[in-house]
Every structure is written in structure tokens, then in C-alpha cells.
Amino acid sequence: MNWEIGPIFRAVMRNKVGAVLIALQVAVTMTIIVNAIFIINERKELLARESGIDEANTFYLSSSGFGDNYNAQVTVEEDLANLRQIPGVINATQTNAIPISGGGWSMGLKTEPGVENEGVGVAVYFTDQHGLQTYDVELLAGRNFTDADITWRDPVKGDWPQMTILTQAMAKDLFPDLPYQDVVGKTVFINDDEPIQIIGIIDKLHAPWIGWDGLERVMLVPQHLLFDSYRYLIRTEPGQLDRLMPEIEALLADSNRNRIIRNMNSMTDTRERTYRGHSAMVSMLTIIIVVLTIVTALGIVGLVSFSVNRRRKQIGTRRALGATRFAVMRYFLVENFMITSVGVLLGAAMTVGLNIWLVNSFEMQRIDWYYIPIGMLCLWLIGLLAVYGPARKAASIPPALATRTV
Amino acid sequence: MLTMTNVKKIFRTDLVETHALKDFSLQVNEGEFVAVTGPSGSGKTTFLNIAGLLETFESGQYMLDGNDVSQLSDNARSKIRNQKIGFIFQGFNLLPDLNLFDNVDVPLRYRGWSASERKQRIEHALETVGLASRQKHLPSQLSGGQQQRVAIARALAGEPRFLLADEPTGNLDSKMAHSVMELLQDINQRGTTIVMVTHDPSLAAEAGRNIFVRDGQVSELHEVNTFADVVNG
Ligand SMILES: Nc1ncnc2c1ncn2[C@@H]1O[C@H](COP(=O)(O)OP(=O)(O)OP(=O)(O)O)[C@@H](O)[C@H]1O
Ligand SMILES: [Mg+2]
């Protein structure tokens with residue numbers, strides 16, 4: 001079997017303009033599509049990350065006190081006691097920050113005291129012994145807080161208690177060489193030189209900021225907050241959330257007239273809102289990919305149809321000289337494959353180029369190498385599919401056309 | 001070599017049915033050089049297309065080289081065209097994007113021959129038509145007569161038994177026409193059967209036998225001078 005590669009190549013080289021345009025279009029399409037798919041997958045990975053808490057059954061609201069009759073400590077104690085005995089509520093805790101929400105506190109912890117030493121950034125969640133259950137985290141080593149450990153944090157002085165529970169990831173970043181079991185009992189330093197003892201390690205809990213590279217670094221601090229405004233995080237039994245949210249909001253509002261309950265949100269809504277930009281990006285890029293693919297495929301269909309129509313007589317002549325229908329089809333498939341190949345090779349270089357630019361300009365990830373060959377294969381396939389119709393049309397041109405003067 | 005018996009060809013369009021061949025019967029023997037003449041629209045090209053398996057027909061029988069070719073598949077017909085038949089067209093039908101070498105190579109590539117064998121045949125065929133030195137030229141760089149010589153080289157390179165030419169000199173001036181005619185006669189001398197359609201009585205006179213087609217049927221003429229009589233009246 002003879003594929004006519006040499007003559008096809010030489011013929012293409014004598015009609016470069018159309019071929020170059022298609023090759024460029026293929027290259028640009030590949031560049032954009034491959035990078036877009038890479039970004040989509042990256043975003044999808046972000047979207048798929050779990051915060052560690054029982055998102056489907058957890059919500060939060062904020063309580064803000066006002067007036068002379070408002071007593072923060074009494075209110076918090078009463079509220080927590082009330083919340084925890086509501087049927088359908090698994091547990092509840094007072095807290096300062098909510099995973100995924102974007103708002104929270106961070107501190108630095110050091111393994112050695114002193115300004116000169118490097119600290120490791122960590123998100124701070126104030127909670128009490130009910131935190132583990134409310135956050136739905138598992139204690140891997142050490143112990144939970146007890147009632148006796150919980151202190152009241154003064155909004156002005158802000159003293160740190162002398163114990164904390166860390167996530168496994170935080171333990172690893174502080175003591176890279178130690179298994180997390182051995183991190184229990186270690187002392188670290190906050191505010192450069194205030195010692196804190198690590199009493200427990202939990203499996204997984206996300207910091208509030210989804211874009212932070214220390215997302216998995218969290219410390220639980222055994223303190224209630226005496227602030228005017230703070231939050232309650234409430235975890236319900238499965239299926240109870242929708243019913244309990246308005247009930248609890250009303251209950252808290254009614255139980256104490258010296259404060260207002262605001263900003264009630266489910267974790268599901270919070271996730272949706274926080275990741276909305278990422279979801280929108282995924283949708284937009286998907287549309288771009290689809291449109292570009294269609295445009296490129298149509299471009300190829302158009303170019304090949306045009307060249308088939310222009311070469312009807314030549315095709316008839318080839319048929320007269322003994323080309324089978326298959327040979328005519330193969331001619332156009334091979335011709336297009338050559339053009340697409342140039343585009344795809346150029347596209348591979350441009351894909352890497354665009355990615356490098358994105359990495360430098362937007363701190364994106366370096367593209368995984370296997371995206372390139374997969375992208376090349378896809379565009380080859382798109383090219384072949386697009387050329388198939390016009391090539392079939394070419395193959396149906398009758399050999400008698402060679403002698404007819406049309 | 002070629003035997004057509006009562007071949008009938010009808011072209012159907014939405015509005016009209018054209019009976020291009022009506023009970024067309026003809027025998028061409030091995031080694032003959034037959035010139036086909038006749039008025040415009042009489043069915044000469046249609047006959048040649050059917051003879052060359054470029055077109056199918058409604059009824060009748062066509063034996064080529066002892067085989068009934070009326071029921072063959074499209075692929076089988078392509079193969080016979082490729083291996084047994086050489087075509088020469090009025091408009092030369094060279095492929096404009098290919099140089100002379102590649103043009104002559106076109107039918108040979110469908111034969112599955114090795115590159116070296118094809119090269120040898122192409123060079124020999126171009127030599128036969130006196131264009132060996134122009135292999136790398138494009139058709140557009142040649143005169144009409146030279147282009148037709150390339151087309152003849154292309155038709156010959158695969159050594160077909162049977163050469164079909166539809167007005168091969170129709171686009172050439174008379175000097176070039178006669179040199180092409182000489183070339184065809186040479187080829188015929190060496191054993192290739194040729195059927196040529198022409199409008200030019202003086203060229204037809206140089207062929208071994210003349211066939212006159214009128215209204216989709218054959219009237220065979222052996223005397224060259226009577227041919228002129230028929231045309232005139
Ligand atoms: N593809 C076709 N569709 C419809 N009618 C056709 C077709 N080809 C030929 N015909 C008709 O068939 C008849 C014979 O045509 P043909 O081309 O064989 O004549 P010809 O003898 O070769 O004429 P000329 O000397 O002008 O080349 C004509 O009436 C022509 O119009
Ligand atoms: Mg004709």
C-alpha cells in the first residue's frame with residue numbers, strides 16, 4: 001500500500017496559505033484547550049477538597065450583644081447549654097472563625113522561642129471540649145480538652161492558654177522529622193516566646209482561607225470568647241439542618257433580648273459562595289473549549305471542502321488513473337493529518353509557552369507533561385473527524401469527471 | 001481485445017433522458033489503432049468512458065480482454081483502469097501541484113511497485129516522450145504539446161495494454177498535434193492497442209481504422225476518403 005506521503009507533502013508545500021492557516025488554528029486551539037483543561041482540572045481538584053467538617057449538616061450564625069444589660073459570659077454559657085440539648089443537634093461550639101468562609105485569625109508557632117526564629121503560620125479556632133465533635137474531627141493522638149482547660153479570653157488582654165490541639169498537617173510542618181504521636185507533649189511558642197504545649201493531634205480541619213498554601217494548618221485553642229460579637233457553629237443530625245436552622249435562630253433571638261442573631265449560613269451555602277468564582281471559571285473555560293473545538297473543526301471542514309471542490313477534476317483524473325474511492329479518501333486524510341501534525345507540534349510548544357507565562361504571571365501550577373500528548377491526540381482526532389465528511393465527498397466524485405469538460 | 005455488444009447508455013436528469021448510446025456494438029482487436037469520429041454529442045466520449053470503465057451502462061455486454069466487465073465492483077474497475085488502461089485527455093489533466101515526475105508517478109503508486117521500479121519506469125516514460133530533462137518542472141512551466149506528452153508518458157508508464165484518448169490533440173496547434181500523433185503511432189507500433197476520439201479528419205486518416213459514431217451508434221468505415229464524404233453529406 002502506498003500512502004503517497006511524498007507527493008502529498010510536496011503538493012501541500014505548493015499551496016501553503018490555507019495549510020498554514022489551519023495549522024496555526026490547530027496550534028492555537030490546542031494551546032488554549034490544553035491549558036484550559038489543565039486549569040479546569042486544577043479548579044475541580046480545589047472544588048473537591050473537603051474541609052474536614054461535616055459540611056452537609058453544619059451551619060453557623062453570629063451573635064452580637066449590645067446594651068448595658070448584656071453579659072457575654074452568661075449569654076455564651078446559656079446559649080451553649082441550650083443549643084446542646086436541642087433534639088437533632090449533635091453538638092455546638094462557640095468559635096471565632098469558620099472553615100471555607102474566608103474570615104479568620106492566623107498566628108505563627110515556633111519550635112524555638114525568639115524573634116529571630118522562623119514561625120509556621122497557622123489558623124486559630126477558639127473552641128472548647130465540644131469542638132472535636134462539632135467540627136467532626138478525629139483525635140489521632142493525645143487528648144481532648146476538658147472542662148477545666150477552658151478559660152475565658154479577654155478581648156483586651158488576649159492571653160493565650162498554655163495548651164493546644166493541632167492538625168496532623170501542622171504537626172508535620174512544625175516537626176517534619178517526628179511522627180505525629182511524638183509531637184504530643186512538645187512545647188511550641190506563640191508571640192515569639194509564650195510557651196504552649198501540644199496536647200493532642202486531630203486528623204483534618206481546614207483553615208478559613210481556601211487559597212492559602214497552609215490550608216491544612218489549624219490550631220484549636222481552649223478558650224471562650226468574651227467579645228461583643230462571636231459565632232456559634234452547630235452540627236445537626238443528618239436531615240435535620242433545614243428544620244433546625246430557623247428554629248434555632250428564633251430560639252436564640254428570643255432567649256436573650258440584649259443581642260441580635262445575624263448572618264446565619266449553612267456550610268453548603270458557604271462553600272457554594274466561596275467557590276463560586278472557581279465554578280464560574282470552570283463553566284467559562286468549558287464553553288471556550290467547546291466553542292474553539294467547533295470553530296476549529298468547522299475551519300478544517302471548510303478548508304477541505306473548498307479544496308475538494310477546487311480539485312474535482314483532479315480527483316476525477318486520479319480515479320480515472322486507478323485510484324480507488326478509499327485511495328481518494330486516504331489522500332485527504334493524509335494531507336490533513338500532515339497539516340494537523342504541524343499544528344499539533346507547534347501547539348505543543350505553544351501550550352508549554354502559555355503555561356510558563358501563566359505560571360510566572362498568575363502563580364499557576366506547572367502543567368503535567370501528559371496533558372501535551374493527550375492534547376495532541378485529541379487534536380489529531382478532531383482533525384481526522386472533521387476531514388472525514390469532505391473526504392467522503394471527494395471519494396464519491398465519479399471518474400468520468402476526468403473526461404467531462406465541466 | 002474490446003468487444004461491445006448492444007451497449008445502451010442513458011443519462012437521466014430531472015428534466016430529460018438522453019440516450020447517449022443506443023445498441024452500440026463494436027469490436028477492437030489487439031494491436032489496432034482505431035480513430036473514432038462523429039458529430040458533437042453523438043456519444044464518442046460516452047463510448048470512451050464506458051470502454052475505459054469510467055462509467056457504467058444500462059444494458060448490453062462489454063468484454064475487455066476476454067472478461068465480462070459489466071458487473072464489476074468499483075474497486076475492481078479501479079484496478080483494471082489502473083493496470084490495463086491508459087488514459088489521455090483533451091485537457092491533459094495533469095495535476096498542477098505535482099512536478100512531471102510525480103505526475104507520471106500517480107497511477108504507478110496505486111500499483112504497489114517499489115520506489116526504484118517506479119523511478120525507472122517514470123524516467124523511461126519521460127524519455128520516450130522526450131521530456132527526460134524536465135522531471136522537476138511543474139506542468140504550468142510547459143507548453144500544451146509538452147503537457148500532453150507528459151500525459152502520454154503517464155498513460156504509458158504502467159505499460160497498459162490499451163490506450164484511450166479523447167481528443168488528445170484538441171487543445172494543440174496542428175504542428176504539435178501531428179507530433180503527438182506520431183508518438184501515438186510509435187506506441188501503437190510497439191503493440192499497444194489505441195482508441196482515439198478526434199475531430200480532425202487528417203489525424204483520423206493516420207489511424208489504422210476509422211469508426212464513425214452518429215446518434216449513439218457505430219457506422220464503421222474502412223476507406224479514409226469515404227469518411228470525408230460521410231462528414232460532408
Ligand atoms: N453526465 C451527463 N449527463 C447528462 N447528459 C450527458 C452527460 N454526458 C453526456 N451527456 C449527453 O450524452 C450525449 C453524448 O455525449 P458525449 O459527450 O458522449 O458526446 P461527444 O460525441 O463526446 O461530443 P463532443 O464531440 O462534443 O465531445 C450528449 O447529448 C450529451 O449531452
Ligand atoms: Mg466528447
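Numbers restart at 1 for each chain; the letters A, B, ... are given by sequence-line order, proteins then strands.
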*Under 3.5 Å, side chain of Arg318(A) to main-chain N/O of Val106(B), donor-acceptor pair present?*
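Flag not set: sc Arg318(A) to bb Val106(B) has no pair under 3.5 Å.
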*asked:* Using heavy-atom distances under 4.5 Å, tell me whether Ala327(A) contacts chain B through its side chain, its backbone, both, or neither.
replied: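 Side chain only.
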*Examine whether an atom of Pro7(A) lies under 4.5 Å from a heavy atom of chain B, and if so say whether it belongs to the side chain, the backbone or both; otherwise answer neither.*
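Both backbone and side chain.
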Surrounding [atom1] of [X] (heavy atoms of other residues, nucleotides or ligands, distance under 6.0 Å), is the total greater than 12?
X	atom1	answer
Glu363(A)	CD	no
Arg310(A)	CZ	yes
Phe11(B)	CZ	yes
His124(B)	NE2	no

_Interatomic spacing from CD in Gln314(A) to CG in Leu98(B) - rounded to 0.5 Å_ =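 One gets 8.0 Å once the value is rounded to the nearest 0.5 Å.
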*May I ask you to check whether Thr403(A) and Asp166(B) show a side-chain donor-acceptor distance below 3.5 Å?*
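Side-chain D/A pair, Thr403(A) to Asp166(B): absent.
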So what's closer than 4.5 Å to chain A heavy atoms on [X]: side chain, backbone, both or neither?
X	result
Asn93(B)	both
Arg111(B)	neither
Ile85(B)	neither

For [X] and [Y], which heavy atoms make the closest approach, and how far apart are they?
X	Y	value
Phe89(B)	Ala402(A)	CE2-CB, 3.5 Å
Phe87(B)	Ala320(A)	CE1-O, 3.3 Å
Arg404(A)	Thr45(B)	NH1-CG2, 3.8 Å

Heavy atoms only, distances under 4.5 angstrom: which of [options] has the most pairs with chain A? Name it, please.
options	result
Ile50(B), Asp105(B), Leu48(B), Asn49(B)	Asn49(B)
Asn99(B), Leu94(B), Thr46(B)	Thr46(B)
Glu167(B), Gln83(B), Arg154(B)	Arg154(B)

*Taking only heavy atoms into account, what residues of residues 51-64 of chain B are found under 4.5 Å from chain A?*
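So the qualifying residues are Leu54(B), Glu55(B).
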*What parts of residues 67-80 of chain B touch chain A if we use heavy atoms and a cut-off under 4.5 Å?*
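Listed by number, the contacting residues are Asp74(B), Asn75(B), Ser78(B).
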*Output the residues of residues 8-23 of chain A for which the shortest heavy-atom distance to chain B is under 4.5 Å, in residue-number order; output 'none' if no such residue exists.*
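The stretch touches chain B at Arg10(A), Ala11(A), Arg14(A), Asn15(A).
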_Suppose we screen for side chain to side chain contact (heavy atoms under 4.5 Å, CB included). Which residues come up paired with Ser143(B), at least two apart in sequence or across chains?_
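Residues passing side chain to side chain contact (heavy atoms under 4.5 Å, CB included) with Ser143(B): Gln146(B), Met176(B).
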